[in-house]
Amino acid sequence: MKQLPTLLMKSLSVCSLPASTTTLQQVALLQPKGVAKVVLKKGKTQLFKDGNPMVYSGAVDRIIGRPPPKTGDIVVVADGTERPIGWGMYNSVSMFCVRLMQLEDEANSDSSCALNMEKLIETRVDAAVELRRRLGLPSVHTNAYRLINSEGDRLSGLIIDVFGDVAVVASSAAWVEKYKSEIEACITKINYINHIKWRPSVDILKEDGVNVSNLKEVCSSTCPERTKIVENGIVYTISLNGQKTGFYADQRENRQFISRISDGQKVLDLCCYSGGFSLNAVRGGALNVTGIDTSLLALELAKENVVLNNIDPGKISFLREDASEFMKGAILRNESWDIVIIDPPKLAPTKKVLHSASGMYRNLNSLAMQLTKRGGLLMTCSCSGAVTQSGIFLRILQGAASMAGRKITVLRQAGAACDHPIDPSYPEGAYLSNILLRVS
């Protein structure tokens, strides 16, 4: 009798499987090379069944598969009885040995993506495009927004920001680098995207086991170094080589809020970058605005943006100076403002430096409170995930108020704009904290 092909034999064996066999078990049997299984320790399953995508190595009991999986391989994640709960991308180096991509329940309802990374990427990107469309993005008034927000869009380690017809990809996981061409193919399908710029997060990728010696920022030959965008009707020139992806789209709704409360006010914008808050304040009717930043490139952009929006240069000025030094000098000069905005860079990149960063945030905010007129408003921000996730920002601000000899009242707490979704099962995805205070 002629021997049947291996895949056909596997198909026949799937047909004879017991009814209790899961979708992932069935699909795994059809894989030519087989699929390794990462088995969790007893009591560690529920966290991941609830949606947390980051399977840390301490939660793993054993790995079944010969040869053992390599970084970038697809693996099934199973409970202590070896029953699958989902599948994801394996990493032999990272403290997170698996990034879960799809749960068993999801595979049951849509098996087309089961153990199929190419199809899953396409499905998740399409879903993200549709979600932004429902949120009104892009629009005539705003064409700068986040298309993929890592865990919030179920693609952990991938961020894609859209600036007009340019998509900027921030890669921070080994699997993203492995599936670079598939990701770019999905982006290219979006009819208003003409250019892609790839910005690997080298330090994070190194921790993820990626050989970073050959990594570099890559963009198409026609991709511009600068581009113009519009946000809430305000035009900006942004540098695609600037901080993060080039523009902080997460603050869009907070910038618009500033425009609503600035009429007739004197405004100070500390760590102003390319002038987002400053321009919104002037647009909202501020009497005058002062922006402070240490980056010459950012201030050049800010000044260019003033011209782009036909703003009276007499109402807005930008100074290159360290924020702390400027505030200390302004206090000595007995200066004060009706509204003070302070949006410093990430001071606590990890929990290890949270204690020292808390002191820096406290000192900065204490100085800012002293420059806020009594009864005035202070909008203070933290983009440090460790601060936001620990929930200590308000305590830091209370300590700052004590140092400054001021009383504060919280008027508004906000996070990132709505195109920056956060998965509640993975709160570590929350980074931005924006708090409006009344200072008296």
Side-chain angles (χ1 to χ4, degrees), residues 254 258 261-282 284-303 306 311-348 355-384 387 393-411 434-440:
N254 298 319
I258 281 293
I261 64 172
S262 294
D263 190 29
Q265 305 297 296
K266 183 182 174 187
V267 179
L268 174 64
D269 183 8
L270 297 158
C271 308
C272 66
Y273 193 51
S274 57
F277 282 110
S278 295
L279 295 170
N280 275 273
V282 174
L287 292 176
N288 62 74
V289 179
T290 302
I292 307 296
D293 205 281
T294 57
S295 169
L296 181 60
L297 171 63
L299 294 178
E300 287 175 348
L301 290 171
K303 292 172 183 176
V306 170
I311 290 173
D312 180 358
K315 287 191 171 184
I316 187 168
S317 60
F318 294 102
L319 301 174
R320 187 184 185 193
E321 193 170 348
D322 175 77
S324 292
E325 294 305 312
F326 173 84
M327 287 191 283
K328 290 173 184 176
I331 290 168
L332 290 175
R333 295 189 296 271
N334 202 31
E335 293 184 276
S336 61
W337 283 262
D338 301 301
I339 298 174
V340 176
I341 304 153
I342 182 164
D343 185 13
K346 185 183 292 187
L347 300 178
H355 180 73
S356 60
S358 296
M360 288 188 280
Y361 277 115
R362 185 176 60 250
N363 293 338
L364 282 170
N365 280 281
S366 176
L367 293 170
M369 289 173 189
Q370 293 175 64
L371 290 179
T372 306
K373 288 182 180 178
R374 292 191 182 273
L377 303 177
L378 169 63
M379 177 176 278
T380 181
C381 313
S382 167
C383 63
S384 297
V387 172
F393 197 33
L394 280 176
R395 291 205 304 274
I396 292 173
L397 296 176
Q398 187 58 56
S402 296
M403 282 180 64
R406 298 295 180 94
K407 175 83 170 76
I408 57 172
T409 307
V410 177
L411 302 179
N434 181 295
I435 297 178
L436 183 70
L437 303 172
R438 181 178 184 269
V439 181
S440 56

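Just so we're clear, the structure is a prediction, and the values are computed from it rather than from any experiment.
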Applying side-chain contact (heavy atoms from CB on, under 4.5 Å), name anything that partners [X], two or more places apart in sequence or on another chain.
X: L287; result: none
X: S366; result: Q370, A400, M403, A404
X: L296; result: E300, R320
X: R438; result: L377, T409, L411, S440

Which residues share a side-chain hydrogen bond (donor to acceptor under 3.5 Å, both in side chains) with T380, sequence neighbours left out | N365
Which residues share a side-chain hydrogen bond (donor to acceptor under 3.5 Å, both in side chains) with S384, sequence neighbours left out | Y361
From [X] atom [atom1] to [Y] atom [atom2], the distance as rounded to the nearest 0.5 Å:
X: C381; Y: I341; atom1: SG; atom2: CD1; value: 8.0 Å
X: K407; Y: L437; atom1: NZ; atom2: CG; value: 10.5 Å
X: T372; Y: L367; atom1: OG1; atom2: CG; value: 10.5 Å
X: I261; Y: D263; atom1: CD1; atom2: CG; value: 11.0 Å
X: N434; Y: F393; atom1: CG; atom2: CZ; value: 8.5 Å
X: D322; Y: T294; atom1: CG; atom2: OG1; value: 7.0 Å

Just distance, no hydrogens or angles: give the donor-acceptor pairs under 3.5 Å from side chains in residues 267-280, sequence neighbours left out.
unit_1: D269; atom_1: OD2; unit_2: S278; atom_2: N; d: 3.2
unit_1: D269; atom_1: OD2; unit_2: S278; atom_2: OG; d: 2.7
unit_1: Y273; atom_1: OH; unit_2: Q243; atom_2: N; d: 3.1
unit_1: N280; atom_1: ND2; unit_2: Y236; atom_2: OH; d: 3.3
unit_1: N280; atom_1: ND2; unit_2: G276; atom_2: O; d: 2.8

What pairs of residues pass the salt bridge (charged side-chain N to carboxylate O under 4.0 Å, His left out) test when at least one of them lies in residues 361-372, not counting sequence neighbours?
->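 Residue pairs passing salt bridge (charged side-chain N to carboxylate O under 4.0 Å, His left out), neighbours aside: none found.
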Should Q398 and I408 be marked as a side chain to side chain contact (heavy atoms under 4.5 Å, CB included) after you check the CA-CA gap, both sets of side-chain angles, and the distance that decides it?
-> CA-CA 7 Å; Q398 187 58 56; I408 57 172; 4.0 Å; yes
Using the side chain to side chain contact (heavy atoms under 4.5 Å, CB included) rule, take V282 and V306 through it: C-alpha gap first, then chi angles, then the decisive distance, then the call.
-> CA-CA 10 Å; V282 174; V306 170; over 6 Å; no
How about M327 and I292: do any of their side-chain heavy atoms sit closer than 4.5 Å?
-> no
Side-chain contact test, heavy atoms from C-beta onward, threshold under 4.5 Å: evaluate it for V340 versus V439 and give yes or no.
->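 With C-beta onward as the side chain, the pair stays apart.
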Go through the structure and list residues passing salt bridge (charged side-chain N to carboxylate O under 4.0 Å, His left out) with K328, not counting sequence neighbours.
->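 Applying salt bridge (charged side-chain N to carboxylate O under 4.0 Å, His left out) to K328 gives E325.
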side-chain hydrogen bond (donor to acceptor under 3.5 Å, both in side chains) partners of residues 329-338, not counting sequence neighbours, each pair once =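 Every pair satisfying side-chain hydrogen bond (donor to acceptor under 3.5 Å, both in side chains) with a residue in residues 329-338: R333-E335, D338-K373.
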